[in-house]
Peer 1: 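Before I ask anything, here is the structure I am working with.
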2 protein chains.
Amino acid sequence: MPRIGPQERRTEQRREQRQALRERILEVSREIVRREGFASLSMRKLAEAIDYSPAALYLHFKSRGDIARALCVEGHASLRDAFLAHTSIADPAARLNAMGRAYVEFGLAEPETYRLMFMEPAESAQPAAEVHDNGKAQAAEPGAATLSLIADAFVELRAADRLPAHAGPLACAEGLWANLHGIVALKLNRAALPETPAATLVELSLDAWFAPANRTEPRFNASNRPDTSTR
Amino acid sequence: MPRIGPQERRTEQRREQRQALRERILEVSREIVRREGFASLSMRKLAEAIDYSPAALYLHFKSRGDIARALCVEGHASLRDAFLAHTSIADPAARLNAMGRAYVEFGLAEPETYRLMFMEPAESAQPAAEVHDNGKAQAAEPGAATLSLIADAFVELRAADRLPAHAGPLACAEGLWANLHGIVALKLNRAALPETPAATLVELSLDAWFAPANRTEPRFNASNRPDTSTR
DNA sequence: GTCTATAGTGTGATAGAC
DNA sequence: GTCTATCACACTATAGAC
């Protein structure tokens, strides 16, 4: 087992250097995207920032879209972390409330990253192709794990009979997700929604999606609801 | 008054020709965007399609974004028409249902146009600058009139006491809009929502947003609800 | 006045020398 | 593994023919 000759050691070193440069590229890319958006991440600018020629980048990423894909995966991991911080909340409705807020906060705090993750024309990043690991094809959809955290909460609501009869838990999860995404997306493009602050919309949306069966119980909205009530 | 010399007539003719060419540019652009998306609408391709040089386009539109803006306005008019077809529905909830469906159908039927209208990075099209007409500045937001149609219905619901007390009509309208937009946006980018069909999500969303106070009454969903019930 | 032709600068990606 | 040089294409802006 400990049969490692000098040659193996050298190739090992090479691999580490290679990995380090790849990491460095990713690091600089992440920062550029965060500050200026993916659209202004050019291979030339990136190459200059890491002091290599543009062609060197293609040794580590097969295309600009490939870099986008990697940053997407990072972003999804970050979002998922924000969700995991609330999994300990026992009440599914309260948990959904916390996660919903976290989702929108993430989107508004990192608009360019969010845009890359969810608002890009699909060609750029999303596909993620098929990633083979240990010989087994992995999920091509990095956001699926995150969605399942929302879906879980709806399953619990369903089990507690706090969901309308005709509403499937998964469908509810996707519906709520669409709602939250819509809030973030419209805010980011400042195309619309000029009147109502995002926090109010989030409250309303969360109310709309799982409050109906919950309405007779005491609500938990006393804590941090913004004072902007209507407009 | 009828003092129109040959010179005036000639300049009149010029103006008509000018307007006609502008219309033609818009026409071809609209079709290219509809089929291939705004991203692949290049000035060169456009110029070739109308048999002029690229520079000629800049005589009629000051930039590519200017064309985008014009197409956006067209799109908003088209969407608004789809909405106006349902204004005759008396019951505000039923009207919202019809309009919500129409909105999503529009987005899914004309994905590229929808993307240009609502999913573009703001710089491209949305601003619409300030359009002066008759010396008065007009609304810079072409979608505002459409939103107001939704808001109106919520105002009626409010007046009929079919809305939760804490929910402002305008906020509800924006929330529902965000929800519908989220459904379309996620579907278009195939980034997510792979499981649930859009029609089901729309039903669920409309239920979520104004069914609570409506739930005791007979629903109107018997007509055209899709048979895919849950997943 | 209207348009052609072209210059100048940017992009992603690649071939081939070292 | 890295670089230089280059291709093909996009956009804007403008000099000058008609």
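First the proteins, then the strands, lettered A, B, ... as listed; each starts at 1.
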Peer 1: Within a radius of less than 6.0 Å around CD of Glu48(A), do more than 12 heavy atoms belonging to other residues, nucleotides or ligands occur?
Peer 2: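 No.
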Peer 1: Can you tell me which residue among Met119(B), His181(B), Glu174(B) is in a side chain to side chain contact (heavy atoms under 4.5 Å, CB included) with Leu186(A)?
Peer 2: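 Checked Met119(B), His181(B), Glu174(B) against Leu186(A); only one passes side chain to side chain contact (heavy atoms under 4.5 Å, CB included): His181(B).
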Peer 1: Nearest whole Å is fine: how far is dG12(C) P from Glu48(A) CD?
Peer 2: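 Glu48(A) atom CD is separated from dG12(C) atom P by 13 Å.
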Peer 1: Where the side chain of Leu21(B) is concerned, which of dC3(C), dT2(D), dC11(D) is the nearest nucleotide?
Peer 2: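 Within the option list, the nearest is dC3(C).
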Peer 1: Mind listing the closest non-hydrogen atom pair of Ser40(A) and Ile32(A) along with its distance?
Peer 2: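 Closest pair (atom of Ser40(A), atom of Ile32(A), distance): O-CG2, 4.2 Å.
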Peer 1: Counting any heavy atom closer than 4.0 Å, what does Leu41(B) reach on the DNA or RNA strands: base, sugar-phosphate only, or nothing?
Peer 2: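 Sugar-phosphate only.
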Peer 1: Between atom CZ in Arg44(A) and atom C1' in dT4(D), what is the gap in whole Å?
Peer 2: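 One finds 12 Å between C1' of dT4(D) and CZ of Arg44(A), rounded.
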Peer 1: State which of dT11(C), dC11(D), dG1(D) makes the closest approach to the side chain of Ser42(A).
Peer 2: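 Taking heavy atoms from C-beta onward, the closest nucleotide is dT11(C).
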Peer 1: Given atom CG of Leu59(A) and atom P of dA13(C), what is their separation to the nearest angstrom?
Peer 2: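 Leu59(A) atom CG is separated from dA13(C) atom P by 14 Å.
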Peer 1: Rounded to whole Å, please give me the gap between CD1 in Ile25(B) and P in dT2(C).
Peer 2: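 Ile25(B) atom CD1 is separated from dT2(C) atom P by 13 Å.
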Peer 1: Please determine whether a side-chain nitrogen of the Lys or Arg among Arg24(B) and Glu27(B) lies less than 4.0 Å from a carboxylate oxygen of the Asp or Glu.
Peer 2: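 A salt bridge is absent here (no side-chain N lies under 4.0 Å from a carboxylate O).
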Peer 1: At less than 4.0 Å, is any side-chain N or O atom of Arg64(B) found next to OP1 or OP2 of dC11(D)? Yes or no.
Peer 2: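 Answer is yes, contact under 4.0 Å.
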Peer 1: Check the pair Arg30(B) / Arg34(B) against side chain to side chain contact (heavy atoms under 4.5 Å, CB included), numbers first and verdict last.
Peer 2: CA-CA 6 Å; Arg30(B) 191 187 316 125; Arg34(B) 206 177 63 79; 5.6 Å; no
Peer 1: Ala55(B) or Tyr52(A): which one's nearest nucleotide on DNA chain D is closer to the 5' end?
Peer 2: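 The 5'-side residue here is Tyr52(A).
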Peer 1: What is the distance, to the nearest angstrom, from the CE atom on Met43(A) to the P atom on dA5(D)?
Peer 2: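 Atom-to-atom, Met43(A) to dA5(D), this comes out as 20 Å.
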Peer 1: Given dG1(D), dA13(C), dC3(C), which nucleotide is nearest the side-chain atoms of His60(B)?
Peer 2: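 From the listed options, dC3(C) comes nearest.
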Peer 1: Would you indicate, yes or no, if dG1(D) has its OP1 or OP2 atom less than 4.0 angstrom from a side-chain nitrogen or oxygen of Arg18(A)?
Peer 2: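 Arg18(A) to dG1(D) OP1/OP2: side-chain N or O found under 4.0 Å.
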Peer 1: Atom CG of Leu57(A) to atom C1' of dA13(C): distance rounded to whole Å?
Peer 2: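 These atoms are roughly 11 Å apart.
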Peer 1: Quick one: Asp66(B) CG to dA13(D) P, roughly how many Å, whole number?
Peer 2: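 Spelled out: CG on Asp66(B) to P on dA13(D) is 12 Å.
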